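What follows is one structure encoded as C-alpha cells, with my remarks underneath.
In this chain, residues are counted from 1 in sequence order. Whatever order the structure lists ligands and atoms in, that order sets their numbers, starting from 1. Small disclaimer: the values here were computed from a predicted structure and weren't measured.
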Amino acid sequence: MNSTKGRTTIDVGTDGVAIITIINPPVNSLSLDVLNSLKESYDQALRRDDVKAIVVTGAQRKFSGGFDISAFGKIQGGTVAAPKPGFVSMEILCDTVAAARKPSVAAIDGLALGGGLEVAMGCHARISTPNAQLGLPELQLGVIPGFGGTQALPRLVGLAKALEMMLTSKPVKGQAALSLGLVDAIASSKELVNTARHWALDILERKRPWINSFYRTDKLEPLGEAREILNFARAQTRKRAPNLKHPLVCIDVIEEGIVSGPRAGLLKEAEAFQGLLHSDTCKSLVHIFFAQRGTTKVPGVSDLGLKPRRINKVAILGGGLMGSGIATALILSGYSVILKEVNDKFLQAGIDRVKANLKSRVKKGNMSQEKYEKTLSLLKGALDYESFRDVDMVIEAVIENVSLKQQIFLDLEKFCTPHCILASNTSTIDLNLIGEKTKSQDRIIGAHFFSPAHVMPLLEIVRTPKTSPQVIVDLLDVGKKIKKTPVVVGNCTGFAVNRMFFPYTQAALLLVERGTDIYQIDRVITKFGMPMGPFRLCDLVGFGVAIATGGQFVLNFPERTYKSMLIPLMQEDKRSGETTRRGFYVYDEKRKANPDPEIKKYVEKAREIAGVTIDPKLTKLSDKDIVEMIFFPVVNEACRVLNEGIAVKAADLDISSVMGMGFPPYRGGIMFWADTLGSKYICSRLEEWSNLYGGFFKPCSYLAQQAAKGAPLSLSVDQAKARL
Ligand SMILES: NC(=O)c1ccc[n+]([C@@H]2O[C@H](COP(=O)([O-])OP(=O)(O)OC[C@H]3O[C@@H](n4cnc5c(N)ncnc54)[C@H](O)[C@@H]3O)[C@@H](O)[C@H]2O)c1
Ligand SMILES: *[C@@H]1O[C@H](CO)[C@@H](O)[C@H](O)[C@H]1NC(C)=O
Ligand SMILES: *[C@@H]1O[C@H](CO)[C@@H](O)[C@H](O)[C@H]1NC(C)=O
Ligand SMILES: *[C@@H]1O[C@H](CO)[C@@H](O)[C@H](O)[C@H]1NC(C)=O
Ligand SMILES: *[C@@H]1O[C@H](CO)[C@@H](O)[C@H](O)[C@H]1NC(C)=O
C-alpha cells in the first residue's frame with residue numbers, strides 16, 4: 001500500500017494480542033486508504049487463530065487526528081468517491097470491531113480527535129496517556145461526527161457532557177476523560193501499549209467488563225430527562241448560532257439514537273453526514289481550515305529553504321494599550337520581554353497593564369498564581385537602551401509621529417546588534433518613511449497587531465520591497481509561537497484588514513444619510529453573522545480613531561471616499577462612542593447599548609450638509625439589500641488589495657476578514673463568500689448603485705474584468721503572480 005496515503009500494520013505477539021497501528025504522518029489521519037487498511041487488518045486479526053485480543057494504536061505517539069480533512073475537498077469536488085454511507089460507523093466499527101468475539105482496546109497517546117476518537121470508542125476499552133487530547137471537533141468543519149460518535153459518546157459519558165463536547169468542539173485531556181468514563185485507565189506513554197495489551201487479555205478472561213459502547217445504556221439519562229436536555233441544547237444552539245443548521249442536525253441525530261436505538265441512530269448519522277458534507281457551510285469551513293494553515297506559505301519567502309532564527313528576547317517600545325498587549329502575548333508564550341517607556345510613571349503604567357491582562361486570566365481560572373508569577377518574571381522594564389544589546393527583535397509601539405519613529409529607528413540601529421529585527425506596529429505611517437534615515441531597511445518590518453493584542457488572533461506582517469525574506473520567515477515563526485495567525489501583506493494605507501473594511505462604515509454612513517435606519521443596519525449585519533454592525537463598531541473603536549483613520553483614506557483614495565459629517569458632528573457634542581457612554585447608542589452602567597432617538601437630529605444635519613435627500617427606496621431595504629450594499633463595497637476594495645499584490649492570495653484575505661473583523665467563518669471569508677454569489681452579480685449591483693449614488697460604489701477594474709469573463713474573484717498565488 002502507498003505509504004503516503006497511510007496504512008495500518010498488524011503485529012501479533014506471543015501472548016496472542018494483535019497490535020494494529022495506524023500510520024499516516026504527521027497526525028495519522030484517517031484517509032480512505034487507512035480506513036480500508038484498518039478493515040483488512042481487523043478481518044485478518046479476527047480470522048487468525050493465533051490472535052486472541054486486539055490493541056489499536058497510532059504510530060509516533062499519536063493515536064489519530066481524525067478523518068483526513070483534505071479528502072473533504074476532494075469528495076466535494078467529485079475527484080474522490082466518498083466512503084459508502086455507514087461503511088466506517090456500521091460496517092467497521094459497530095459490526096466488526098465492537099461486535100467481535102475478540103476484545104479490542106485502544107491505546108491513546110497524543111490525540112484522538114474526530115474519527116480518531118470514534119475508532120477508539122468502537123473498542124471495548126480505552127487506555128490513554130494523561131495529556132492526550134480526546135474530542136469530537138467535527139462541528140467546527142460544518143459536519144457532524146460521522147463514524148458513530150453521535151451514538152457512542154453519549155453512551156460513554158452521558159448525554160449532557162457528550163452534547164457539550166460536540167457542540168463546543170472542545171477536547172478533554174486524558175485525565176479528565178478518565179473521570180468522565182471516556183477512558184478506562186491512564187498510563188504513561190512508555191507503559192501505554194503494554195497496559196492496553198493486558199487490559200485486552202483481562203477482558204477476554206472476564207476479569208474486566210466487556211463493553212460494547214454502542215449498546216451501553218447505564219450512562220444515558222432517562223428518556224424524559226434526555227428530551228429536556230436535548231431541547232435545552234437546541235434552544236441554546238439556535239440562540240448562539242442562528243445561521244447554522246448542522247449543530248441542530250447533530251442534536252437530532254443524537255436524539256434518534258436515544259429514542260430508537262443505536263442502529264437507527266447510526267443510519268440517521270450516516271445520512272445526515274452525507275448531506276452536510278456537500279453544504280455551503282462545510283465547504284466554507286473546510287476552506288477556512290486550509291486557508292488558515294496556508295497563510296505562512298509565501299512565494300519567494302517560505303519556499304527558499306530558510307529556517308527561522310531563534311528569537312529569545314524581544315524589546316517593546318511604548319507601554320500603551322498596544323505595547324502592553326503585545327508584551328502580554330509574548331511573555332505568555334515564554335519570550336523574555338523588555339518594555340521601554342519614557343519615564344517611570346508611564347513605565348509603571350505599562351507594566352500594570354500587563355499585570356492586569358494576566359490577572360484577568362487568573363480570575364477566570366485560566367492561569368494559576370504560580371504560572372502568573374513565572375510569566376510576569378519574563379517582563380523587565382527599561383527607560384534607556386542599555387539592555388537592548390542582546391535583544392533579537394524590537395517592536396515599536398509608540399505614538400504615531402514620523403519624526404519620533406525615525407529617531408527611534410536611528411537609536412535602535414546604534415544600540416541593537418546588526419541581526420536584530422526592527423518591527424513597527426504602526427498602523428498608518430509608511431514603513432519606508434520610518435526606515436528612510438537608516439541603513440537597516442532589510443530588517444525593518446511591520447508587525448501589525450489588532451487591539452487588544454493579547455486577545456485578537458490576527459497578525460499582519462507588513463513587508464516593504466526591502467525587507468529580507470529571512471526577517472519575514474523569523475516573524476512568521478514568532479507569530480505562530482504566540483498563537484496568532486500571521487498574514488504577510490504589502491505596504492498600503494490600512495494594510496489588508498483596515499483597508500478592506502473601510503468601506504464597511506462608509507457604505508453604512510451613505511445609506512443612513514439617504515434614509516436607512518442606523519439600528520436596522522446594525523441588526524441586519526449582526527444577523528448576517530458579524531460580531532457587531534458598523535455603527536456599534538464605531539462606538540467601540542471610538543470616534544477619535546474613526547476620524548483619524550477616515551482622514552488617511554480621504555487622503556489616499558479621495559475618489560472613492562464617502563465624506564460624511566455625521567461622526568464629526570456627534571464628536572463635537574462630546575459623543576465619541578462607548579468610552580463617553582454616548583455614540584450611535586447610549587450605554588448604561590453595564591455597557592449595554594441602547595438605541596438613541598436623539599441620533600435623528602445629527603443624521604438630519606449631516607444629510608443637510610451632504611446636500612442629499614431621503615430616498616424612499618433606501619428607507620425600506622430588505623435584509624438582503626442591506627447586506628449587499630454594505631459588503632459589496634468591501635468585496636470591491638478586497639479585489640483592489642488582491643489586484644495590487646498587497647495580499648499574496650485571495651485565501652489570505654478570507655482569513656484576514658475572519659480573524660481581523662469577525663466575518664463569519666461559515667461563509668468562508670470575504671472573497672470566498674463573494675464567489676458564492678458570483679462576480680457578474682456583484683459587479684452589476686455595484687454599477688447600478690454607482691449610477692444612483694455615486695463613485696463610492698464604482699466597481700474596480702479587476703472586478704469588472706472578472707465579471708466580464710464570468711470568472712471568480714478569488715485568485716490562487718500563481719494566478720495572482722501572473723497578473724502582476
Ligand atoms: N489603526 C489603529 O486602529 C490604531 C489605533 C491605535 C494605535 N495604533 C498604533 O499603535 C501605536 C501606539 O498605540 P497605543 O494605543 O499603544 O498608543 P498609546 O499612546 O497608548 O501608547 C504609546 C506609548 O508609547 C510611549 N512612548 C512614546 N515615545 C516613546 C519612546 N521613545 N520610547 C518608549 N516609549 C515611548 C508613550 O509614553 C505611550 O505610553 C501607534 O503606532 C499607532 O499607529 C493604531
Ligand atoms: C478561560 O476559561 C474559561 C472557563 O474555564 C473558558 O471558557 C475560556 O475559553 C478560557 N479562555 C482561554 C483563553 O483559555
Ligand atoms: C497596532 O495596530 C493596531 C491596529 O491598527 C492598533 O490598534 C494598535 O494600537 C497598534 N499598536 C502599536 C503598538 O503600534
Ligand atoms: C513628534 O516627535 C518629535 C520628535 O520627538 C517632536 O519634536 C514633535 O513635537 C512630535 N510631534 C507631535 C505632533 O507630537
Ligand atoms: C507605502 O504606502 C504609502 C501609503 O499608501 C505610500 O504613500 C507609499 O508610497 C508606499 N510606499 C511604497 C514603497 O510603496
May I have every N or O pair linking ligand 4 to the protein at under 3.5 Å, one per line with atom names and distance?
from	atom 1	to	atom 2	distance (Å)
ligand 4	2 (O)	Asn401	OD1	3.2
ligand 4	2 (O)	Asn401	ND2	2.4
ligand 4	11 (N)	Asn401	ND2	2.7
ligand 4	14 (O)	Asn401	ND2	3.3

Can a salt bridge be assigned to the pair [X] and [Y] using a cut-off of 4.0 Å between side-chain N and carboxylate O?
X      : Y      : result
Glu513 : Lys563 : no
Asp477 : Lys480 : no
Lys605 : Glu608 : no

- Message: Walk me through whether Lys414 and Asp411 qualify under side-chain contact (heavy atoms from CB on, under 4.5 Å).
- Response: CA-CA 5 Å; Lys414 252 184 273 161; Asp411 289 343; 3.7 Å; yes
- Check: Thr438 main-chain N/O paired with Glu413 side-chain donor or acceptor under 3.5 Å: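 Between the backbone of Thr438 and the side chain of Glu413 there is no qualifying donor-acceptor contact (under 3.5 Å).
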- Message: Under the salt bridge (Lys or Arg N to Asp or Glu O under 4.0 Å) definition, can you give me all pairs with a residue in residues 529-558, not counting sequence neighbours?
- Response: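 Residue pairs passing salt bridge (Lys or Arg N to Asp or Glu O under 4.0 Å), neighbours aside: Arg536-Glu578.
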